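Bear in mind that the values here come from a model prediction, so they are computed numbers and not experimental data.
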Amino acid sequence: MSSYYDDLETRSAAERASALAGALPGQVARAQALPGYAELLAGVDAARVTTREALAALPVLRKSELGAAQKRAAPFGGFTSRPAAGFAHIFQSPGPIYEPGGSERDWWRLGRFLHAAGIGAGDIVQNCFGYHLTPAGMIFESGARAVGAAVLPAGTGQTELQVQAAADIGVTAYAGTPDYLKIILDRAEAMGVELAIRKAAVSGGALFPSLREFYAERGIACLQCYATADLGLIAYETPSMEGMIVDERVIVEIVTPGTGDPVAEGEVGEVVVTTLNPDYPLIRFATGDMSAVLPGVSPCGRSNMRIKGWMGRADQTTKIKGMFVRPEQVAALVARHAEIGRARVVASREGEMDVMTVRIETSGQGEAPDAGAFEASVAELLKLKGKVELVPPGGLPRDGVVIEDARSYE
């Protein structure tokens with residue numbers, strides 16, 4: 001296997017600047033022609049947007065604006081270059097937000113990351129990302145096909161069957177959230193089954209150092225990428241494991257949250273991404289994620305910008321078990337039950353696994369409920385099962401926090 005996916009990864013700074021000058025004007029013009037950008041890009045001279053500095057002068061598109069536009073003009077809000085029926089897939093993420101998906105080779109560009117993770121022809125990938133409504137399963141499957149690997153489309157759950165399939169088929173690589181592989185390995189050990197998994201490509205949650213070490217001790221090289229349903233691959237780790245290298249088909253900016261103004265190199269800010277995907281030309285799309293630029297070039301020889309990886313959220317939205325939990329979902333839970341005065345979601349870790357605890361402050365109205373009365377609503381509205389703890393009126397802090405991330409990322 002070649003060290004690099006293609007020649008794009010080792011371009012000089014001058015080559016990158018030239019390629020950007022050639023690609024950006026057309027992408028901005030393509031976006032201008034779409035109804036969703038009628039106001040955002042009004043009056044912009046696309047031909048002059050040839051540099052990162054010129055791009056930074058354009059307005060930021062926020063996910064809340066995208067969601068509002070989709071409600072006005074379902075399903076994509078006028079931000080795609082094809083009609084809905086022109087895409088191979090239409091996905092739904094919490095919000096709801098709808099995302100398109102193409103069947104063209106490596107439409108989300110995950111092949112670049114999987115190649116860096118050492119996955120290719122001869123590998124069988126157990127793809128434990130979900131295939132139901134959300135796009136992660138298809139995103140990683142298309143990447144695996146691009147590098148010539150076979151795929152076991154496993155999803156999550158039915159862990160004993162997954163262990164048996166992995167053993168019978170001879171699975172060599174795992175794709176999924178960082179912690180689900182540990183569940184598979186623990187179950188395999190309990191069943192007395194030996195697995196041949198030696199590579200792991202993970203995303204959808206933080207890869208904690210202790211968990212990476214757990215895999216390394218078992219002979220599994222685990223690398224992570226940063227990707228979203230809207231943008232596809234944004235950045236990825238290589239075996240050098242010094243930050244994440246930005247993908248070749250996106251432009252990443254780190255900006256002051258709420259302003260869109262780029263911060264100095266090394267400062268923490270919000271990740272804003274412009275994609276060169278002609279089907280879904282998102283221009284300065286604010287992810288809500290925080291990160292920072294790493295100076296210099298990766299020891300692996302790939303020359304594109306590096307970022308430190310995920311460093312929290314600009315808002316209170318938090319990813320738990322690979323799924324985003326948003327403040328508006330917590331508000332919907334409170335609104336559904338008159339017995340609830342306030343609610344606070346706490347993300348924590350137990351045994352290398354994410355745990356969601358929903359602390360509910362009772363309102364004092366009516367009969368005192370028990371925690372079980374809210375479990376179904378928690379699962380429905382937050383899209384995850386979690387522990388429910390009741391606290392008396394006044395038992396939650398009045399600090400404005402509705403989603404607390406109590407996990408340590410050190």
Side-chain angles (χ1 to χ4, degrees), residues 27 30-38 40 61-111 113 127-146 151 153-157 175-177 203-204 225-234 247 249-250 273-289 317 319 321-326 328-329 332 380-384:
Q27 188 72 335
R30 190 176 290 112
Q32 275 185 312
L34 301 175
Y37 282 105
L40 277 171
L61 171 63
R62 301 205 167 273
K63 198 146 196 169
S64 58
E65 296 174 284
L66 183 59
Q70 290 189 356
K71 287 182 172 60
R72 294 191 300 268
F76 302 130
F79 286 93
T80 59
S81 298
R82 303 187 204 173
F87 287 98
H89 301 95
I90 299 172
F91 300 100
Q92 184 198 69
S93 293
I97 294 287
Y98 294 95
E99 298 101 3
S103 58
E104 295 82 353
R105 183 181 185 274
D106 204 11
W107 195 82
W108 292 276
R109 310 175 313 282
L110 263 289
F113 164 53
N127 186 5
C128 294
F129 282 106
Y131 281 79
H132 176 65
L133 286 180
T134 56
M138 290 304 300
I139 288 174
F140 272 77
E141 178 165 320
S142 69
R145 287 202 301 267
V151 175
T156 57
T177 56
S203 191
C225 78
Y226 172 28
T228 72
D230 320 273
L231 299 159
L233 182 65
I234 298 172
D247 179 56
R249 296 290 293 171
V250 296
V273 181
T274 296
T275 174
L276 298 178
N277 181 347
D279 298 328
Y280 197 19
L282 294 173
I283 306 295
R284 300 203 82 206
F285 185 71
T287 65
D289 296 321
T317 299
K319 188 170 281 188
K321 299 180 183 178
M323 293 290 290
F324 279 118
V325 178
R326 306 180 188 279
E328 54 266 33
Q329 292 171 274
E380 177 187 346
L381 296 174
L382 276 60
K383 311 301 182 185
L384 290 170

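- In this structure, CZ in Arg30 is found 9.0 Å from CG in Leu276, a value given to the nearest 0.5 Å.
- Legend: residues meeting salt bridge (charged side-chain N to carboxylate O under 4.0 Å, His left out) with Lys321, ordered by chain and number and at least two apart, are absent.
- A distance-only check finds a donor-acceptor pair linking the side chain of Arg105 to the backbone of Ala146 [under 3.5 Å].
- With sequence neighbours left out, the salt bridge (charged side-chain N to carboxylate O under 4.0 Å, His left out) criterion links Asp106 to no other residue.
- Taking the six-membered ring for Trp and the full ring otherwise, His89 and Phe91 have centroids separated by under 6.0 Å.
- Put simply, the side chain of Gln27 gets close to the backbone of Thr275: a donor and an acceptor are under 3.5 Å apart.
- In terms of heavy-atom proximity, Pro75 sits nearest to Tyr98 at O-CB, 3.6 Å.
- For the side-chain contact (heavy atoms from CB on, under 4.5 Å) test, residues two or more places apart in sequence or in another chain that qualify with Ala286 are Val60, Arg62, Glu270, Val272.
- In this structure, Ser81 contributes its side chain and Pro278 its backbone to a donor-acceptor pair below 3.5 Å.
- Proximity of a side-chain donor or acceptor of Tyr226 to a complementary backbone N or O of Gly204 within less than 3.5 Å is not detected.
- Checked options Ile283, Thr274, Leu282; the residue passing with Leu61 is Leu282 (criterion: side-chain contact (heavy atoms from CB on, under 4.5 Å)).
- Put simply, the side chain of Gln329 gets close to the backbone of Leu381: a donor and an acceptor are under 3.5 Å apart.
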